[in-house]
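A, B, ... follow the sequence lines: proteins, then strands. Residue 1 opens every chain. Predicted, not measured: the structure shown is a model, and the values here were computed from it.
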Number of protein chains: 2
Amino acid sequence: MNLVTASSESETASDPRTWTIAQVADEFGVTHRAVRHYEELGLISPERRGTVRIYRRRDRTRLNLILRGKRLGFVLEEIRTIINLYDEPRGQASQLRYVLNQINDRRADLERRRRDIEEALKELDDFEQRCQDDLLALDRG
Amino acid sequence: MNLVTASSESETASDPRTWTIAQVADEFGVTHRAVRHYEELGLISPERRGTVRIYRRRDRTRLNLILRGKRLGFVLEEIRTIINLYDEPRGQASQLRYVLNQINDRRADLERRRRDIEEALKELDDFEQRCQDDLLALDRG
DNA sequence: CTTTACGTTTACGTCAACGTCAAGTGACTC
DNA sequence: GAGTCACTTGACGTTGACGTAAACGTAAAG
């Protein structure tokens, strides 16, 4: 079991629920075209019933990771390597060590972005304070 | 004085230092083409000595904001509105209130990204823990 | 049995963010 | 004054991330 297949809800193994492309697209606020595009790039790979795609919990979890990655400014290619990291085989020590290294790289990346955000928020706070002061001065003037 | 023109160093008003496009591009790790592109979009507007661009502290500050915005996944158009926010006229109460509203929007945006990052980091931590456990089990097995 | 509602593939279009020539303008150096 | 920088302005090319339209399958509904 891994992060992608592990459910935040009660079940852990095979969730029988399925969704159509319209349902997931709608629910996640993207177009079916986008969902298919992610599949073309190998970020998700839903089952097929004939030619029709059927989406399971695992695919939804991946979609969540994809969209969060996008909000954070990662390109789809990066997002794929991140997602696939969670699914790589880790039977041997060498593989585990490789994955652990990747984890550290990812973490450094995320922490950098977090620092950027903290700075930006701090500047916004300062700026707001000055604006508030100006407003008060105007009201009193 | 505002956030963009305010210097983190000693001086506050007019810093006499200037830079060429090659210097700033080099120093910020981007190409001159990118710098000119930001200018085309109105994100910076360096002075001219004849046809030649000359960059001052203010332009460097803006470049910093631009690149940080990019790392955070904002598109250049958004970045422009953010940057220009700091420079908008705020003489009247209505303008100040508008700016304060914008600040809140920006803050909500940034805080959303921060939550995304916290989640991603938490998942990475969990994942690393499991990998470490697996590694230990292998070493002992 | 045709319409309606989804679904599919194929393929070309678009927009942002630059990359990459091409061709020209000073300014200085040999 | 010819060469070489460093800089300039076009203008077309490229890549990523989809949009969009065409043409077709399929299954339930009237």
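As a whole-Å value, the separation of His37(B) NE2 from dG10(D) C1' is 15 Å. Distance, Ile54(B) CD1 to dA6(D) P: 19 Å, rounded to whole Å. Atom CD in Glu77(A) sits roughly 14 Å away from atom P in dC18(D) (whole-Å rounding). Rounded to whole Å, the distance from CG on Asp26(A) to C1' on dG7(C) is 15 Å. Atom OH of Tyr55(B) is separated from atom C1' of dT8(D) by 11 Å (rounded to the nearest Å). In this structure, the CG atom of Leu41(A) is 9 Å from the P atom of dC18(D), given to the nearest Å. Rounded to whole angstrom, the span from the CD1 atom of Ile21(B) across to the P atom of dT8(D) amounts to 5 Å. In this entry the distance linking NZ of Lys70(B) with P of dA17(C) reads 7 Å, nearest Å.
At a threshold of 4.0 angstrom between heavy atoms, the contacts of Arg49(B) with the nucleic acid are absent.
With distances taken from any side-chain atom of Ala34(A) to the nucleotides dG7(C), dC18(D), dG19(C), the minimum falls on dC18(D). Considering only side-chain atoms of Leu76(B), the nucleotide from dC18(C), dT8(D), dA17(D) that sits closest is dC18(C). Distance from the side chain of Val75(B) is smallest for dA17(C) among the nucleotides dA17(C), dT10(C), dC18(C). With distances taken from any side-chain atom of Arg53(A) to the nucleotides dT8(C), dC18(C), dG19(D), the minimum falls on dT8(C).
Annotation: of the two residues near DNA chain D, His32(B) and Arg36(A), the 5′-most nearest-nucleotide partner is His32(B).
Between the side chains of Asn84(B) and Glu88(B), not a single donor N or O lies within less than 3.5 Å of an accepting N or O.
At the phosphate of dA17(D), neither OP1 nor OP2 sits under 4.0 Å from any side-chain N or O atom of Tyr38(A). For Thr20(A) and dG7(C), the shortest distance from a side-chain N or O to OP1 or OP2 is below 4.0 Å. Contact annotation: Thr51(B) side-chain N/O to dG26(C) OP1/OP2 distance is not under 4.0 Å. Distances shown here put every side-chain N or O of Arg80(B) at or beyond 4.0 Å from the OP1 or OP2 atom of dA16(C).
Classification of Asp116(B) and Arg71(A) as a salt-bridged pair holds, one side-chain N sitting under 4.0 Å from a carboxylate O.
At least one side-chain heavy atom of Arg97(B) sits under 4.5 Å from a side-chain heavy atom of Leu135(A). A heavy-atom distance below 4.5 Å is not found between the side chains of Thr31(B) and His37(B).
Between the side chain of Arg33(B) and the base of dT20(C) there is at least one donor-acceptor pair of N/O atoms closer than 3.5 Å.
When the options Asp105(A), Asn104(A), Asp109(A) are evaluated for a side-chain hydrogen bond (donor to acceptor under 3.5 Å, both in side chains) with Arg107(A), the one that passes is Asn104(A).
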